[in-house]
Colleague: 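Okay, handing you the structure first.
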Amino acid sequence: MDIITEIEIFLLALGGSICFIVALLALLIEYRSNKRKRAIFTVEMATALLLIADMLAYIYDGNPSIMGYWVVRICNFLNFFLVYWEILGLNLFIGTYTKGEQSMLIHTRRITNILSYFGMGLIVLSQFTGWFYYFDDTNRYYRGPIFFISYIVPMTILILLFITIAKMADDLPWLILVSSLVFTVLPLISSVVQAFAYGLSLFNLSIGISAIIVFALALVDQNVYLRITAATEKNTGLPNAYGYLAEVEKICERKEITQYDAFYFDIVHMGLINRNFGNQIGDYVIKTYAQYIRKSMQKDEVLGRLGGNFFVAVVKRNHTYELLKLLEKVEISLKEMGIDETIAVSSVAGIYQITDENIRPQQIMANVSMAVSIAKNVKKKPYVFLTKELIEEMNEQRQLQEILPRAMENRELMPYYQPKVNLDNNTLCGAEALCRWKQGEEFISPEYFIPIIEQTDLICRLEFYLLHRVCEDIKKWLGKGVDVPVISINFSRKNLGNPILAEEIYNVVKSYDIPLKLVQIEITETIDEYPLEYLKGVVEALQRYGLSAAIDDFGVGSSSIRVLRDVPFDVLKIDKTFVDSLTEKDCKFLRHIIEMAKDIGADVIAEGAENKEQIMVLKDLGCHMVQGYYFDLPLSKEEFETRLQNRIYT
Ligand code: C2E
Ligand code: CA
Ligand code: CA
């Protein structure tokens, strides 16, 4: 045996063993699809057997024993046969990367398979002939007369495979692309060489090398793929939470994060879109929307989708307003989905301007998520910037939500009563109950805590608590024989969402067994969150139950005229800002409003009168009822009781 043959035998043994181990590994390692696992196993096992068979064929070549005969015979058969098995495996492997309908490629792949079976058939047939190869009496191997066919068939198949792979270049991860090309190119080159230099098992060796490369790279690719799928979201191809945080982390590492604003946004009415058009269209809308937003992203900006209709982004500060504009409205045509409609998609957003260079990506995410929930649930605005003040406000809100219930239990909260005065006879004709919070000797102004809790349901609890307290006071006074005037109580707009508000109020008043006409409900005119019908409904219901209703802060809202026209209130309370200014124009306006209100049978009261002049002007304008510091501050229960003994102001 010459040295070259010895080297070859060694290489074949080595390659065969590696492929064998690799084939077993392929069985053990979790692959994405079982098909791919089977393909890799097939390629590697076929190659292992091929190389070992080739090695044995070398060793026994020319060995005249009976054993030599069978080894040379079987191994040479396997030598040709297994090449096809291997190609079938590779074809299957490539197929696992085929996406969608690529009928052209499916065709080529099918031809490759058919040719391989054909080649296998030829090899089997040739065993009974001396066409491809034969052995002499000493079992030495010779090429047959049409030996070249046994080369041309696999070479044709390899060229076909090469074409398939090249056409799939876009679909294949580049590692797989390169290794698959190696798999076809290396044997092709080696078979040309081997045609001239018979004896070197170049063909088989190159197949062995390529098979190892394919597997090794498939393994690497599997990891890359896993990392990518772990970081991207399927429908839109955008980074998911994990991928997004990783990208933001990179910006943080570059110490550039303070140049960015972070966004968290949420498509409004996504549920409605899904309900109206179905989930498939819903997915399409989200995908198209994501593409649209992505297009607006600049270099080094990150957009991610957290799932559902939740998106996150960090954008350069000078890009913030542009993105906000986009979030306001994006038009998406459903033509592609066969629906002749265009829907306007808008998002509600939370924005956080990043100022701290050392902030963690998770903290950024937490901040914007808080901002968007404030925008959605508290402020009810299309977007909210998370400022220091806002954070403070939210903290206070949280604290109040903890403390206030206890304050109510401890009766730290109580109504004060501010008299209302009839200007015709300067006599007390009613009062407004205003909330006071006494902590020790100190009073906390409602101006501080009411606006904060007005954004939560706690306000409703507070108001019912005060209603109880007022009813309690009225009952006590009545018991003492005091002539109690109408007392008005403030109910915030948050209550308008309660369809049985009037009934609940009625039940409370009724439970104290006091005349219903003594209780009046003040509701402010500015009711942006709810349609006017809600206000109208509540007022009508209150009146049905025998209670009366006043429209508070009249004249500052955007729908005053509609309120005047549509809501059958009992009392119109002119806002303090008019009383404060009382310009010529104000007076003209007020004169007509007062006249109109009286015309439709309602009373008019002005609030916040602090001096004689204002009183004079108001009287002149036809307003005969006033509430203000000029007559009285809000009074404690005891002070008010005393006032009730002496109702005339001089
Ligand atoms: P509001 O309902 O418009 O109440 C009138 C406010 O104007 C009261 O302030 C009252 O003390 C004040 N005021 C009355 N006359 C004058 C005046 O001549 N000059 C000035 N500068 N102010 C005058 P207060 O009691 O601090 O209440 C402020 C706001 O807090 C109320 O405005 C109301 O929106 C809210 N509020 C107070 N108590 C309650 C309550 O029980 N429920 C609800 N929902 N809100 C309440
Ligand atoms: Ca009021
Ligand atoms: Ca008011």
Side-chain angles (χ1 to χ4, degrees), residues 400 404 407-408 412-421 423 428 430-438 442-473 486-498 501 505 508 519-527 538 548-557 560 563 569-582 604-615 617-618 623 625-637 639-640 649:
L400 278 176
L404 262 181
M408 286 189 239
E412 285 170 26
L413 290 151
M414 64 203 76
Y416 264 48
Y417 299 91
Q418 185 175 36
K420 296 172 181 173
V421 178
L423 296 181
L428 186 150
E432 177 180 7
L434 292 158
C435 181
R436 291 293 175 266
W437 184 359
K438 200 175 174 203
E442 261 179 72
F443 280 98
I444 302 173
S445 164
E447 304 252 36
Y448 161 66
F449 62 86
I450 299 269
I452 295 176
I453 61 163
E454 238 172 3
Q455 297 163 353
T456 72
D457 289 331
L458 192 55
I459 186 75
C460 306
R461 241 179 99 185
L462 173 74
E463 284 158 351
F464 272 95
Y465 165 85
L466 281 167
L467 177 66
H468 275 279
R469 297 286 305 259
V470 170
C471 290
E472 204 180 291
D473 289 347
V486 181
I487 311 279
S488 63
I489 304 177
N490 293 286
F491 270 79
S492 71
R493 59 210 114 168
K494 192 103 194 170
N495 290 288
L496 292 182
N498 176 3
L501 177 70
I505 294 175
V508 173
V519 176
Q520 187 169 79
I521 305 301
E522 286 190 15
I523 304 175
T524 127
E525 174 223 48
T526 51
I527 39 148
V538 166
S548 60
I551 300 297
D552 204 357
D553 305 333
F554 183 81
V556 290
S560 304
V563 170
F569 51 84
D570 300 280
V571 177
L572 201 64
K573 253 189 133 172
I574 292 165
D575 191 68
K576 182 172 179 305
T577 50
F578 287 101
V579 180
D580 283 344
S581 68
L582 283 181
V604 179
I605 180 169
E607 64 179 339
E610 293 176 347
N611 55 53
K612 180 129 192 167
E613 275 162 12
Q614 289 169 332
I615 305 283
V617 176
L618 287 167
C623 175
M625 234 195 302
V626 163
Q627 172 189 347
Y629 291 173
Y630 178 72
F631 293 111
D632 258 321
L633 295 174
L635 307 171
S636 71
K637 180 171 77 176
E639 290 167 329
F640 184 62
Y649 292 84

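Index from 1, following the sequence. Every number for a ligand or one of its atoms is a count from 1 in the order of the listing. Keep in mind the model is a prediction, meaning the values are calculated, not measured. Quick note: numbers below take in every heavy atom, side chains included, and nothing from hydrogens, waters or symmetry partners.
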Colleague: Which ligand 1 atoms, with their elements, are less than 4.0 angstrom from a heavy-atom of Glu610?
Modeller: 17 (C), 18 (O), 19 (N), 20 (C), 21 (N)
Colleague: Enumerate the atoms of ligand 1 whose separation from the nearest heavy atom of Asp553 is less than 4.0 angstrom.
Modeller: 3 (O)
Colleague: Assess the pair Phe554 and Phe569: is the distance between their ring centroids shorter than 6.0 Å?
Modeller: no
Colleague: Residue-level breakdown please: for Glu454 versus ligand 1, do any non-hydrogen atoms fall below 4.0 Å on the side chain, on the backbone, on both, or on neither?
Modeller: neither
Colleague: Provide the number and element of each atom of ligand 1 under 4.0 Å from a heavy atom of Ile450.
Modeller: 39 (C), 45 (N), 46 (C)
Colleague: Check contact between Lys573 and ligand 1, using heavy atoms of the residue and a distance below 4.0 angstrom.
Modeller: no
Colleague: Starting from atom 41 (O) of ligand 1, find the nearest protein heavy-atom neighbour and note its residue, name and distance.
Modeller: Leu466 CD1, 3.0 Å
Colleague: Relative to ligand 1, is Ile489 under 4.0 angstrom through side chain, backbone, both or neither, heavy atoms considered?
Modeller: neither
Colleague: Indicate, as side chain, backbone, both or neither, the part of Asn490 found under 4.0 angstrom from ligand 1 when only non-hydrogen atoms are considered.
Modeller: both
Colleague: Identify the protein heavy atom lying closest to atom 11 (O) of ligand 1, giving its residue, its atom name and the separation to 0.1 Å.
Modeller: Pro634 CG, 3.4 Å
Colleague: Provide the atom name of the closest N, O or S atom of Glu607 relative to the Ca ion (ligand 3).
Modeller: OE2
Colleague: Which residue supplies the protein heavy atom nearest to atom 4 (O) of ligand 1, what is that atom called, and how far is it?
Modeller: Leu434 CD2, 3.5 Å
Colleague: Would you say Pro419 and Leu635 make side-chain contact, with heavy atoms under 4.5 Å?
Modeller: yes
Colleague: Of all the non-hydrogen atoms in the protein, which one sits nearest to atom 38 (N) of ligand 1, and at what distance?
Modeller: Cys435 N, 3.0 Å
Colleague: When you measure from atom 15 (N) of ligand 1 to every protein heavy atom, which one gives the shortest distance, and what is it?
Modeller: Gln418 NE2, 3.0 Å
Colleague: Find, among atoms of Asp552 that are N, O or S, the one nearest to the Ca ion (ligand 2), and state its name.
Modeller: OD2
Colleague: Quiz question for you: does at least one protein heavy atom lie closer than 4.0 Å to atom 29 (C) of ligand 1?
Modeller: no
Colleague: Are the side chains of Phe491 and Asn498 in touch, meaning some heavy atoms are under 4.5 Å apart?
Modeller: no
Colleague: Locate the shortest heavy-atom distance separating Gly557 from Glu525; write the atom from each residue and the value.
Modeller: N-OE1, 2.7 Å
Colleague: Can you find a pair of side-chain heavy atoms, one from Pro446 and one from Leu434, that are under 4.5 Å apart?
Modeller: no
Colleague: Angle class for the Phe449/Trp437 ring planes (parallel below 30°, perpendicular above 60°, tilted otherwise)?
Modeller: perpendicular
Colleague: Quick one, Glu463 and Leu467 - any side-chain contact, counting heavy atoms below 4.5 Å?
Modeller: no
Colleague: Test side chain to side chain donor-acceptor pair (under 3.5 Å) on Arg461 and Tyr465; report intermediate values, then the result.
Modeller: CA-CA 6 Å; Arg461 241 179 99 185; Tyr465 165 85; over 6 Å; no
Colleague: Going by the order shown, which atoms of ligand 1 are within less than 4.0 Å of some heavy atom of Asp552?
Modeller: 2 (O)
Colleague: Has the side chain of Gln418 got a donor or acceptor atom that lies under 3.5 Å from a matching backbone atom of Asp632?
Modeller: yes
Colleague: Restricting to N, O or S atoms, which atom of Asp553 is closest to the Ca ion (ligand 3)?
Modeller: OD1
Colleague: With heavy atoms of Glu463 as the reference, note each atom of ligand 1 found under 4.0 Å away.
Modeller: 42 (N), 43 (C), 44 (N)
Colleague: With backbone taken as N, CA, C and O and side chain as the heavy atoms from C-beta onward, which portion of Pro415 lies under 4.0 Å from ligand 1: side chain, backbone, both, or neither?
Modeller: neither
Colleague: Protein heavy atoms near atom 6 (C) of ligand 1, is at least one of them under 4.0 angstrom away?
Modeller: no
Colleague: Within the 4.5 Å heavy-atom criterion, are Leu404 and Leu413 side-chain neighbours or not?
Modeller: yes
Colleague: Within less than 3.0 Å of the Ca ion (ligand 2), any N, O or S from Thr524?
Modeller: no
Colleague: What do you think, any protein heavy atom under 4.0 angstrom from atom 33 (C) of ligand 1?
Modeller: no
Colleague: Salt bridge between Arg436 and Glu639, side-chain N to carboxylate O under 4.0 Å?
Modeller: no
Colleague: Less than 4.5 Å apart, side chain to side chain, heavy atoms only: is that true for Ile489 and Arg469?
Modeller: no
Colleague: If only atom types and distance count, is the side chain of Asp570 paired as donor or acceptor with the main-chain N or O of Ala550 below 3.5 Å?
Modeller: no
Colleague: To the nearest 0.1 Å, how far is atom 27 (O) of ligand 1 from its closest protein heavy atom, and which atom is that?
Modeller: Pro446 CG, 3.6 Å
Colleague: Is the side chain of Gln614 donor-acceptor paired with the backbone N or O of Val579 at a distance under 3.5 Å, no angle test?
Modeller: yes
Colleague: Any idea which atoms of ligand 1 are less than 4.0 Å away from a heavy-atom of Ala609?
Modeller: 18 (O)
Colleague: Kindly give the atom name of the N, O or S atom of Glu522 closest to the Ca ion (ligand 2).
Modeller: OE1
Colleague: Step through the shown structure and confirm whether more than 12 heavy atoms of other residues, nucleotides or ligands are within 6.0 Å of CD on Glu472.
Modeller: yes
Colleague: Closest to the Ca ion (ligand 2), which N/O/S atom of Glu432 is it?
Modeller: OE2
Colleague: Which pair of non-hydrogen atoms, one from Glu454 and one from Ser492, has the smallest distance, and what is that distance?
Modeller: OE2-CB, 3.6 Å
Colleague: Could you tell me which atoms of ligand 1, counted from 1 in the order shown, lie closer than 4.0 angstrom to a heavy atom of Gly628?
Modeller: 15 (N), 18 (O)
Colleague: Are any non-hydrogen protein atoms located under 4.0 Å from atom 18 (O) of ligand 1?
Modeller: yes
Colleague: Is any side-chain heavy atom of Thr456 closer than 4.5 Å to a side-chain heavy atom of Lys494?
Modeller: no
Colleague: Between Glu432 and Lys573, is there a side-chain N and carboxylate O pair less than 4.0 Å apart?
Modeller: yes
Colleague: Hey, is Arg436 one of the residues with a heavy atom under 4.0 angstrom from ligand 1?
Modeller: yes
Colleague: Nearest non-hydrogen atom to atom 12 (C) of ligand 1 belongs to which of Phe443, Tyr629, Phe449, Tyr630?
Modeller: Tyr629
Colleague: Any N/O/S atom, side chain or main chain, of Asp575 closer to the Ca ion (ligand 3) than 3.0 Å?
Modeller: no
